[in-house]
Participant: 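Quick one: the structure is below, and I'll ask about it shortly.
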Amino acid sequence: MGDAVELEVGGRTVRLSSPDKVFFPERGHTKLDVARYYQAVAPGILRALRERPTTLQRYPDGIEGEWFYQKRAPKSMPDWIPTAHITFPSGRSADEMCPTEEAAVVWAAQYGTLVFHPWPVRRSDVDHPDELRIDLDPQPGTDYDDAARAAHELRVVLDAYGLRGWPKTSGGRGLHVFVPIEPRWTFTQVRRAAIAVGRELERRMPEQVTIKWWKEERGERIFVDYNQTARDRTIASAYSVRPRPHAPVSAPLRWDEVGVAHPEDFDITTMPARFAELGDVHADMDDHSFSLEPLLELARRDEHDHGLGDLPYPPEYPKMPGEPSRVQPSRARKPKPSAS
């Protein structure tokens, strides 16, 4: 596996053991390749993770080996990486790592971390998200180009409600659009805003977009996954490596690139050159902070005027007030016909 190497990152020295261990057999990319990738884009990924409780998706033996999510900060974590205490929907809690330095990312790569899953909160206030994250998820029969068309219409919707989004590839077939918001609202309220924007997008593109939770109802449309805004649901960060054979990464985009650039354009070999040329194209995101009130007002109107209230949570969540049935429509009991 080769002797350990040391990498200089942000003024710190990070030791990397087994640098020659192959993590991506199809391309031959090693653990050292992954670490050097994160070293190259460190300012960008730190911008996406800074001060955020972060779950690590670890592949200690590469993408063909066993993997797991690590929510609790590892005991071996150095004391210069802070933590935040977060609570899960189950009522359990944990201290999660909160990167504040570039070296924290490479340190995590030493332990086989490929994907970083930051919460949409900062460690100073873990109960009030400062990002509205909109996940455009292609369903069977649709693809990235369909998601790109939905994203451009989503941009129009956001603008109509005084918001601005920053798009990125998921690293797969989908697109994510992040909206920086004031940390004034709860997870429940942010989720309700996501439902409102999803419904508005669905109204504008009924044949191309859906917010239906049950897969049997989605059809060949782009699903706006509103439940990605529920507490403890996270989305892979910008610049995260995805566990697919060609080592793709979640790439921040400019709006004029959406639908022009494609996910396969961005991997651990191509992104460093792009980053060196353009820097972090989402660098200005933290300079903005928008209000959710227009979307929450839209949610109130949807419920008052059209009877459109809450939507189902994921099955592992406790039943929430005002939530409709979690029984998928095809299994729901049909009312018995009345006797004539």
Side-chain angles (χ1 to χ4, degrees), residues 6-17 31 34-35 37-39 41-60 67-133 178 180-188 190-191 228-241 243 250 280 282 285-286 289 316-317:
E6 292 185 340
L7 299 178
E8 296 298 320
V9 189
R12 294 193 184 274
T13 301
V14 180
R15 184 177 183 274
L16 197 76
S17 62
K31 181 178 179 180
V34 172
Y37 161 74
Y38 278 127
Q39 185 180 29
V41 301
I45 191 167
L46 181 60
R47 189 268 313 156
L49 301 179
R50 190 188 304 274
E51 302 279 352
R52 299 190 183 281
T54 300
T55 297
L56 308 178
Q57 190 173 351
R58 293 176 54 186
Y59 292 78
W67 63 274
F68 58 94
Y69 291 107
Q70 177 142 11
K71 295 188 176 184
R72 289 167 173 78
K75 293 181 179 179
S76 59
M77 193 172 74
D79 59 11
W80 50 266
I81 302 178
T83 62
H85 194 73
I86 48 102
T87 303
F88 306 115
S90 65
R92 295 182 179 181
S93 62
D95 292 323
E96 287 204 352
M97 72 176 289
C98 296
T100 57
E101 300 183 35
E102 296 174 2
V105 178
V106 178
W107 175 85
Q110 146 66 13
Y111 291 92
T113 300
L114 293 184
V115 193
F116 294 84
H117 295 269
W119 280 50
V121 299
R122 308 282 181 171
R123 66 188 178 112
S124 59
D125 184 354
V126 296
D127 293 315
H128 296 91
D130 68 347
E131 287 181 346
L132 169 64
R133 298 173 175 178
F178 284 14
I181 60 173
E182 301 167 6
R184 295 167 44 200
W185 296 277
T186 65
F187 279 92
T188 302
V190 173
R191 178 178 172 275
Q228 290 290 44
T229 56
R231 179 185 285 270
D232 193 33
R233 283 296 180 102
T234 56
I235 291 177
S237 77
Y239 301 101
S240 273
V241 181
S250 178
D280 179 15
H282 286 187
M285 187 173 163
D286 287 346
S289 187
E316 68 273 18
Y317 281 64

Participant: Closest approach of Thr113 and Ala108, non-hydrogen atoms and distance?
Facilitator: OG1-O, 3.0 Å

Participant: Salt bridge (charged side-chain N to carboxylate O under 4.0 Å, His left out): which pairs involve residues 104-128, sequence neighbours left out?
Facilitator: Glu51-Arg123, Arg122-Asp130, Arg122-Asp286, Asp127-Arg231

Participant: Any sub-3.5 Å donor-acceptor pair from Glu96's side-chain atoms to Thr54's backbone N or O?
Facilitator: yes

Participant: Are the charged groups of Arg47 and Glu102 less than 4.0 angstrom apart, N to O?
Facilitator: no

Participant: How would you list, by chain and number, every residue that makes a side-chain hydrogen bond (donor to acceptor under 3.5 Å, both in side chains) with Ser250, sequence neighbours excluded?
Facilitator: Lys168

Participant: The test is side chain to side chain contact (heavy atoms under 4.5 Å, CB included); show your working for Ile235 and His117 and say whether it passes.
Facilitator: CA-CA 6 Å; Ile235 291 177; His117 295 269; over 6 Å; no

Participant: Give the minimum heavy-atom separation between Ile181 and Val190, together with the two atoms involved.
Facilitator: CD1-CG2, 3.9 Å

Participant: Apply side chain to side chain contact (heavy atoms under 4.5 Å, CB included) to Val115 and Val241, showing your working.
Facilitator: CA-CA 6 Å; Val115 193; Val241 181; 5.9 Å; no

Participant: For Pro243 and Gln57, work out which heavy atoms get closest and say how close.
Facilitator: CG-NE2, 4.4 Å

Participant: Rounded at 0.5 Å granularity, tell me how far CG in Asp95 sits from CE in Met77.
Facilitator: 8.5 Å

Participant: So Trp119 and Val126, do their side chains get closer than 4.5 Å, heavy atoms only?
Facilitator: no

Participant: With distance as the sole test, does Tyr317 use its side chain to make a donor-acceptor pair with the main-chain N or O of Ser90 at under 3.5 Å?
Facilitator: no

Participant: Among residues at least two apart in sequence or on other chains, which ones pass salt bridge (Lys or Arg N to Asp or Glu O under 4.0 Å) with Asp232?
Facilitator: Lys71

Participant: Would the distance check show the side chain of Gln110 and the main-chain N or O of Ser17 forming a donor-acceptor pair, the cut-off being under 3.5 Å?
Facilitator: yes

Participant: Are Trp67 and Tyr69 an aromatic pair, judged by ring center distance below 6.0 Å?
Facilitator: yes

Participant: Yes or no on side chain to side chain contact (heavy atoms under 4.5 Å, CB included) for Glu131 and Val121, after CA distance, side-chain angles and deciding distance?
Facilitator: CA-CA 7 Å; Glu131 287 181 346; Val121 299; over 6 Å; no

Participant: Kindly indicate whether the side chain of Trp107, heavy atoms from C-beta on, has any atom under 4.5 Å from the side chain of Pro78.
Facilitator: yes

Participant: By side-chain hydrogen bond (donor to acceptor under 3.5 Å, both in side chains), which residues pair with Thr186, not counting sequence neighbours?
Facilitator: Gln189

Participant: May I ask you to decide if Pro180's main-chain N or O and Ser289's side chain share a donor-acceptor pair within less than 3.5 Å?
Facilitator: no

Participant: Within a strict 4.5 Å, meaning less than it, do heavy atoms of the Pro129 and Phe187 side chains meet?
Facilitator: yes

Participant: Using side-chain hydrogen bond (donor to acceptor under 3.5 Å, both in side chains) as the criterion, list what pairs up with Glu101, not counting sequence neighbours.
Facilitator: Arg12

Participant: Can you give me the closest heavy-atom contact between Thr234 and Pro118, atom names plus distance?
Facilitator: CG2-O, 3.6 Å

Participant: In chain order, what residues pass the side-chain hydrogen bond (donor to acceptor under 3.5 Å, both in side chains) check against Tyr239, with sequence neighbours excluded?
Facilitator: Asp280

Participant: Is the closest side-chain heavy-atom distance between His282 and Phe178 below 4.5 Å?
Facilitator: no

Participant: Cut-off 3.5 Å, side chains only: do Thr13 and Glu6 have a donor facing an acceptor?
Facilitator: no

Participant: With heavy-atom distances below 4.5 Å as the criterion, would you say the side chains of Cys98 and Ile81 are in contact?
Facilitator: no

Participant: Does any non-hydrogen side-chain atom of Arg52 lie less than 4.5 Å from one of Pro99?
Facilitator: no

Participant: Judged by atom type as modelled, is there a donor-acceptor pair below 3.5 Å linking the side chain of Tyr38 to the main-chain atoms of Leu114?
Facilitator: yes

Participant: Any side-chain donor-acceptor pair under 3.5 Å between Gln39 and Tyr37?
Facilitator: no

Participant: Taking it one step at a time, do Arg58 and Tyr111 satisfy side chain to side chain contact (heavy atoms under 4.5 Å, CB included)?
Facilitator: CA-CA 7 Å; Arg58 293 176 54 186; Tyr111 291 92; 3.7 Å; yes

Participant: Answer yes or no: is there a side-chain heavy-atom contact under 4.5 Å between Phe68 and Gln70?
Facilitator: yes

Participant: Which pair of heavy atoms, one from Arg72 and one from Ala94, lies closest together, and at what distance?
Facilitator: CG-CB, 3.4 Å

